[in-house]
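Heads up, the thing below is written out as C-alpha cells.
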Amino acid sequence: MNTYAQRSIKHCLDMLAPFEPTGTEIQEGQHQFYQFMLSIYQGMYEAPEKYMVFPKLYEKYIQKRQINKTEKEHSNDSRESTLRNTFQQAIQFYALYFYYSGLCSNGVDEKSGALIISENNYSDVLARMSRIHQSEHNEKRYEVLSDIGIEVMRNEDTIEISHKTYTQMMSGLLYLCKAPDSKYKLMNYFRLDFKNAYSPIPAVDDICRTLPVQSAETVKMLEEHLSGLKVKAKIRPLRGIVSDFRWKVEYSYKGKNICGFYADNEYFMLCIYFNDFKNINAFSKTLHEEDTELFNWFKDKFPERLCKCKSNRRVDFGDETRRICGLSNRAEIADPDAADVKNALYILKKYRNIEI
C-alpha cells in the first residue's frame, strides 16, 4: 500500500495539465521543463527517501493515533498537521527551488541555455528554501538535483543554472515564472500549465481535461443544461497541490450560487445550493408531499454535522430532524451516476423555478 507521502506525490502527477506548448520558438524548452519536472515526481514516487521525502514519521503517527481512540479529531490535530506539512514541503522543494530561481532571474543565456541569476538573488533563493521543515536535508536535495543533471556554476557575480541534457528547459521555466501575477500563477506553475499561464483564469473545459471520463461528462451535462441561463462560473483551486487539491467551481444566477462541483482526478461531488437552511426545510416539506422516492434520495444528500459550532442548524426531513452545516446549506452528491445527475437537475429546476 502506498504511504500518505506517495499519495501526495501521485496527486501532483495526476493534477499536471496536459502538455500544450505556446509558440514555436520556445516549444522545445517548455517540453523539456515539463519532462524534467515529470521525471522528478515519477522518481520521487518510486523512491521518496532518495529525494529526501521521509514518509515513516507520519505513517507511524497515524497508525498510533488509529489505535488510540482518545486522540483528537484529524482536523484539530496539530502534530498530524506538522508532520503532513513536513513531507509535503519536501515534495514541493524541487519545484519551488526552480520557481523562486526563475522569478528573480535575469533571463536565459542564448548560447548555453542557462538561467542567469545575480549572486545576491541566488542567496535569497537559498535562504527561502532553508525555511522549510527538515531544511537540514537541503544539501542532500541539491545533490539530488546534481545527480539528475542540474549544474550550478558561478561566473563572477552571477549564478548560472543549467541541465546537461535538457539544455533548453530554462526557457520553459522562465515562461511560467514571468507570467503576470494572479491568484492562479503558482497553481499554473505547479501544474505546468503553459496553455493557461497567461490567462486570467482557467476555463471549465480545461478542468474537464484533467478529470476521469465520467466526471468530465457530468460537468459537460451540467453546463449544457445551464447554457440557456446567464450563469457565471467562479473557478478556484481548493487547498494546495499536494494537499487534497481539488477544483471548486460554483455557478451563480442572479447573484446567488445555485450549483457547483468539487473535482480532482479521484473525486467528484456535485452540489445544489439552497443558500439558507430555512429554504431546505421548506423545499423538503414540498418534496415529501409530492414524491416519496425522490424525497428519500434528496434527504440522503445532506451529511449530518455533529459539531457544536454556532453555524450548526437543525433541518427537518419528514419525521427526521438532522443537524447540518448552516454555512454550506447544500445537497452533496458524491460520485454521481446518470440517475443522480438527472435527480439533481430536476431538484435544481424545481427549487429555482428555472428552465434547464
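For clarity, every value in this text was computed on a predicted model and none was experimentally measured. When reading the values below, keep in mind they use all heavy atoms of this one structure, side chains included, and skip hydrogens, waters and symmetry mates.
- No single ILVMFWY cluster, assembled from side-chain heavy atoms under 4.5 Å apart, contains both Leu327 and Phe302.
- Relative to the six-membered ring of Phe317, Arg322 meets both conditions, a distance below 6.0 Å and an angle of at most 45° to the axis.
- Shown here is Glu136, whose CD atom has more than 12 heavy atoms of other residues, nucleotides or ligands within 6.0 Å.
- The side-chain heavy atoms of Asn296 and Thr292, taken from C-beta on, include a pair separated by under 4.5 Å.
- Contact check for Leu103 versus Lys185: side-chain heavy atoms found under the 4.5 Å cut-off.
- In this structure a side-chain-to-backbone donor-acceptor pair under 3.5 Å is present from Glu59 to Tyr4.
- At distances below 3.5 Å, not a single donor-acceptor pair connects side-chain atoms of Asn155 with backbone N or O atoms of Thr158.
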Item checked: Criterion side chain to side chain contact (heavy atoms under 4.5 Å, CB included) on Thr218 and Phe268, from CA distance to verdict -> CA-CA 9 Å; Thr218 298; Phe268 188 87; 3.7 Å; yes

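- A salt bridge links Arg209 with Glu20: the closest approach of a Lys/Arg side-chain nitrogen to an acidic carboxylate oxygen falls below 4.0 angstrom.
- Under a 3.5 Å cut-off, the side chain of Gln89 and the backbone N or O of His133 do form a donor-acceptor pair.
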Next item on the list: List the steps and the verdict of side chain to side chain contact (heavy atoms under 4.5 Å, CB included) for Asn2 and Ile9.
Entry: CA-CA 10 Å; Asn2 293 341; Ile9 298 165; over 6 Å; no

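- Ring geometry for Phe194 against Tyr34 counts as tilted: the plane angle lies between 30° and 60°, on a 0 to 90° scale.
- Once rounded to the nearest 0.5 Å, the distance linking NZ of Lys299 with CG of Leu287 reads 11.5 Å.
- Minimum heavy-atom separation, Gly107 to Leu174: CA-CD2, 3.8 Å.
- Counting all heavy atoms, side chain and backbone alike, Glu119 lies closest to Glu156 at OE1-O, 3.8 Å.
- When side chains are defined from C-beta on, Glu266 counts as touching Asp14, because their heavy atoms get closer than 4.5 Å.
- Atom NZ of Lys178 sits in a crowded spot, with more than 12 heavy atoms from other residues, nucleotides or ligands closer than 6.0 Å.
- The closest side-chain heavy-atom distance from Leu173 to Met170 is below 4.5 Å.
- Proximity of a side-chain donor or acceptor of Arg246 to a complementary backbone N or O of Asp264 within less than 3.5 Å is not detected.
- Minimum heavy-atom separation, Cys12 to Tyr41: CB-CE2, 3.9 Å.
- Taking the six-membered ring for Trp and the full ring otherwise, Tyr166 and Phe33 have centroids separated by 6.0 Å or more.
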Margin query: With ring pair (Phe, Tyr, Trp, His ring centres under 6.0 Å) as the criterion, how do Tyr175 and Tyr198 come out once you've worked through the C-alpha distance, each side chain's angles and the decisive distance to 0.1 Å?
Written below: CA-CA 9 Å; Tyr175 182 85; Tyr198 287 71; 4.6 Å; yes

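- Under a cutoff of 6.0 Å and an axis angle of 45°, Arg141 and Tyr97 do not form a cation-pi pair.
- Between Tyr99 and Tyr189, the ring-plane angle classifies as tilted under the 30° and 60° cut-offs.
- By the neighbour-count criterion of 12 heavy atoms within 6.0 Å, atom CD of Glu304 is densely surrounded, having more than that number from other residues, nucleotides or ligands.
- For Glu355, the CD atom is loosely surrounded, since the number of other residues' heavy atoms within 6.0 Å does not exceed 12.
- Side chain of Asn329 to backbone of Phe277: a donor-acceptor contact under 3.5 angstrom is found.
- For Phe54 and His137, the ring centers sit closer than 6.0 Å to each other.
- A salt bridge links Glu290 with Lys350: at least one charged nitrogen is closer than 4.0 Å to a carboxylate oxygen.
- In this structure, CD on Gln92 lies 10.0 Å from CG on Asn85, to the nearest 0.5 angstrom.
- In this structure, the side chains of Trp297 and Leu294 come closer than 4.5 Å at one or more pairs of heavy atoms.
- A distance below 6.0 Å separates the ring centres of Phe298 and Phe274.
- Asp193 contributes atom CG, which lies 10.0 Å from atom OG1 of Thr22 (distance to the nearest 0.5 angstrom).
- Cluster membership check: Met153 does not share its hydrophobic cluster with Ile116, using side-chain heavy-atom separations under 4.5 Å among Ile, Leu, Val, Met, Phe, Trp and Tyr.
- Side-chain atoms of Gln32 and Glu28 include a donor-acceptor pair closer than 3.5 Å.
- Put simply, the side chain of Cys104 reaches to within 4.5 Å of the side chain of Val125, judged on heavy atoms.
- Judged by distance alone, the side chains of Asn265 and Lys10 never bring a donor and an acceptor atom under 3.5 Å apart.
- In this structure, a donor-acceptor pair under 3.5 Å is absent between the side chains of Ser135 and Asn138.
- A heavy-atom distance below 4.5 Å is not found between the side chains of Ile159 and Leu115.
- With hydrogens and angles left out, the side-chain atoms of Thr321 and Asp316 include a donor and acceptor closer than 3.5 Å.
- What you find for Glu224 and Ser227 is that their closest heavy atoms are O-OG, 2.6 Å.
- Under the 3.5 Å distance criterion, the side-chain polar atoms of Asp340 are matched with a main-chain donor or acceptor of Asp337.
- Here the side chain of Arg236 pairs no donor or acceptor atom with the backbone of Lys248 at under 3.5 angstrom.
- Atoms CZ and CZ, on Phe283 and Phe295 in that order, are 11.0 Å from each other to the nearest 0.5 Å.
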Note to self: Set out, in order, the CA-CA distance, both residues' side-chain angles and the distance that settles side chain to side chain donor-acceptor pair (under 3.5 Å) for Asn121 and Ser118, then state yes or no.
What the structure shows: CA-CA 5 Å; Asn121 283 343; Ser118 72; 3.2 Å; yes

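- Separation of the Phe36 and Phe98 ring centroids falls under the 6.0 Å cut-off.
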Next item on the list: Check the pair Leu126, Tyr142 against side chain to side chain contact (heavy atoms under 4.5 Å, CB included), reporting the backbone distance first and the verdict last.
Entry: CA-CA 10 Å; Leu126 298 183; Tyr142 295 126; 3.2 Å; yes

Check: Taking it one step at a time, do Phe19 and Leu192 satisfy side chain to side chain contact (heavy atoms under 4.5 Å, CB included)?
Finding: CA-CA 8 Å; Phe19 176 69; Leu192 302 175; over 6 Å; no

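- Residues Asn275 and Asn257 come closest through the heavy atom pair ND2-O, 3.3 Å.
- Across all non-hydrogen atoms, the minimal contact from Ala216 to Cys208 is CB-O, 3.7 Å.
- Note that the NZ atom of Lys254 and the OG atom of Ser252 stand 12.5 Å from one another [nearest 0.5 Å].
- Of the possible polar contacts, one joining the Ser105 side chain to the Gly102 backbone as a donor-acceptor pair under 3.5 Å is found.
- A donor-acceptor pair is defined here as one N or O able to donate and one able to accept, closer than 3.5 Å; such a pair exists between the side chain of Asp206 and the backbone of Ala203.
- The distance from the NE2 atom of His31 to the CD atom of Gln168 is 12.0 Å, given to the nearest 0.5 Å.
- A donor-acceptor pair is defined here as one N or O able to donate and one able to accept, closer than 3.5 Å; such a pair exists between the side chain of Gln214 and the backbone of Pro336.
- Residues Ser284 and Val315 have side chains not in contact (no heavy-atom distance under 4.5 Å, counting atoms from C-beta outward).
- The ring of Tyr251 has its center no closer than 6.0 angstrom to the ring center of Tyr273.
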